[in-house]
Number of protein chains: 2
Amino acid sequence: MDNERPNLTEDDTELDEETLFIVSQTFKALGDPTRIRILNLLAERECAVSEISDKLHLSQSTVSHQLRFLKNLRLVKFRRAGTSIYYSPDDQHVMALLHQAIHHACHD
Amino acid sequence: MDNERPNLTEDDTELDEETLFIVSQTFKALGDPTRIRILNLLAERECAVSEISDKLHLSQSTVSHQLRFLKNLRLVKFRRAGTSIYYSPDDQHVMALLHQAIHHACHD
DNA sequence: TTATTATATGAACACTTATTCATATAAGTC
DNA sequence: GACTTATATGAATAAGTGTTCATATAATAA
């Protein structure tokens, strides 16, 4: 655990290119309503592709494409169970960002 | 100030359309490297358009367009001083999201 | 093996978006 | 007034994105 004081040695100069890329990629991932809905559902519980499809009224293809997107960014993980594949969140930092944003949007 | 306990009555069911729109708009705003750089600079200190242009090596037009975008979402505010217009952040929630994301990107 | 079920994938398309260029507006100076 | 400086804006363009359709893959059951 870090100490409580803000880190005064850390300045706010220009961000390096890699950080900029990671941060923008992360926010882009959260910048689409479909992906938000999927992540919000997965936050509740692990789901198979078909469950996501059904619950959110999205085509199987759309869900699969978006899950690939989220998987590439390591925002979700998956496990196989027979012919089904169950997805769940895999980045607690990003999920925390999402929940904060949702909370603010609901209460402001 | 709210109490410390997580709100157990709040469930994670489907988000309403308005919340979904606000959240996705917010994250879209943070999903572009140029806007991230601008907000990160403004976090340090209030800047005129030309200062942003110079510091970030962006055209005046690009900066102006992006500031309009951020202004429309009420993420920045501005004040006039002669012919210059000084911009600064206007949404501490969103700035907090940005700082968190940057922090995570730098340290993971 | 064949058939079925669940998921993934590639191509096409419509739509969105970030930047540039040219120009407009607005305040200050002479 | 004319001129300069700072910023805003509209149109055009190139690049990116989300969905759909058709099809492929993979596991299972018969």
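Just so it is clear, the model here is predicted, and its values are computed rather than measured. Each chain gets a letter, A, B and so on, in the order the sequences are listed, and its residues count up from 1.
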> Just the rounded figure in Å: distance from P of C:dT7 to CG of A:Asp54.
10 Å

> Between D:dA8, C:dT19, C:dT17, which one does the side chain of B:Lys28 approach most closely?
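Shortest atom-to-atom distance from the side chain points to C:dT17.
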
> What integer distance in Å separates B:Leu58:CG from D:dT7:C1'?
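Rounded to the whole Å, the gap is 15 Å.
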
> Students often get this wrong, so: under 4.0 angstrom with heavy atoms, is B:Ser59 touching a base, only sugar-phosphate, or nothing?
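Since only primed, P, OP1 and OP2 atoms lie under 4.0 Å of B:Ser59, the category is sugar-phosphate.
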
> Does a side-chain heavy-atom distance below 4.5 Å link A:Asp32 with B:Ser24?
no

> Whole Å only: how far is the CZ atom of B:Arg79 from the P atom of C:dA27?
16 Å

> Between C1' on C:dA8 and CD1 on A:Ile52, what's the gap in Å once rounded to a whole number?
14 Å

> For B:Phe69 and for A:Phe78, locate the closest nucleotide of DNA chain C by heavy-atom distance; then report the residue assigned to the nucleotide nearer the 5' terminus.
A:Phe78

> Could you say whether A:Gln66 or B:Ala48 is positioned toward the 5' end of DNA chain D, judged by the nucleotide with the nearest heavy atom to each?
B:Ala48

> Base of D:dT9, side chain of B:Ser64 - is there a donor-acceptor contact under 3.5 Å?
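Answer no: no donor N or O sits under 3.5 Å from an acceptor.
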
> Under 4.0 angstrom, heavy atoms only, what part of the nucleic acid is A:Ser50 near: base, sugar-phosphate, or nothing?
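A:Ser50: backbone/sugar contact only, no base atoms under 4.0 Å.
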
> To the nearest Å, how far apart are B:Asn72 CG and C:dT17 C1'?
14 Å

> Would you say that more than 12 heavy atoms from the other residues, nucleotides or ligands in this model lie under 6.0 Å from the NZ of A:Lys28, or not?
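Buried by this count: over 12 neighbours within 6.0 Å.
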
> Is the ring centre of A:His65 under 5.5 Å from the base ring centre of C:dT9, and are the two planes under 30° apart, so that they stack?
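Taking the rule of under 5.5 Å and under 30°, the ring of A:His65 does stack on C:dT9.
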
> Could you point out which residue of A:Leu56, A:Val76, A:Thr62 forms a side chain to side chain contact (heavy atoms under 4.5 Å, CB included) with A:Ile38?
A:Leu56

> Tell me the interatomic distance from B:Lys71, atom NZ, to D:dT7, atom C1', rounded to whole angstroms.
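B:Lys71 atom NZ is separated from D:dT7 atom C1' by 9 Å.
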
> Taking the side chain of B:Ser61 as its heavy atoms from C-beta onward, which of D:dG18, D:dG10, D:dT20 lies nearest to it?
D:dG10

> What is the distance, rounded to the nearest whole Å, between atom CD of B:Glu51 and atom P of D:dT7?
8 Å

> Could you check whether the rings of A:His104 and B:His93 sit parallel, tilted or perpendicular, using 30° and 60° as the cut-offs?
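Parallel, since the angle between the ring planes stays under 30°.
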
> Roughly how far, to the nearest 0.5 Å, is the CG atom of A:Leu75 from the CG atom of A:Leu67?
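These two atoms lie 11.0 Å from each other.
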
> Please check if atom CZ in A:Phe78 has more than 12 non-hydrogen atoms from other residues, nucleotides or ligands closer than 6.0 Å.
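No, CZ of A:Phe78 has 12 or fewer neighbouring heavy atoms, counting only those of other groups under 6.0 Å.
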
> Indicate yes or no: at least one non-hydrogen side-chain atom of B:Asp16 is less than 4.5 angstrom from one of B:Leu20.
no

> Compare all side-chain heavy atoms of B:Tyr86 with those of B:Arg80 and state whether any distance is below 4.5 angstrom.
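Side-chain contact under 4.5 Å: no.
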
> Below 3.5 Å, does any donor atom in the side chain of A:Gln60 face an acceptor in the base of C:dA8, or the other way round?
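By the distance-only test, yes, there is a pair.
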
> Measure CD1/B:Ile38 against C1'/D:dT7 and give the value in whole Å, please.
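The distance from CD1 of B:Ile38 to C1' of D:dT7 comes to 14 Å, rounded to the nearest Å.
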
> Name every residue in residues 80-89 of chain A that has at least one heavy atom under 4.0 Å from any atom of DNA chain C, in order of residue number, or write none if there are no such residues.
A:Thr83, A:Ser84, A:Ile85, A:Tyr87

> Can you see if the side chain of A:Arg68 gets near the phosphate of D:dG18 - specifically, an N or O under 4.0 Å from OP1 or OP2?
no

> Does C:dT17 have OP1 or OP2 sitting under 4.0 Å from an N or O in the side chain of B:Arg35?
no

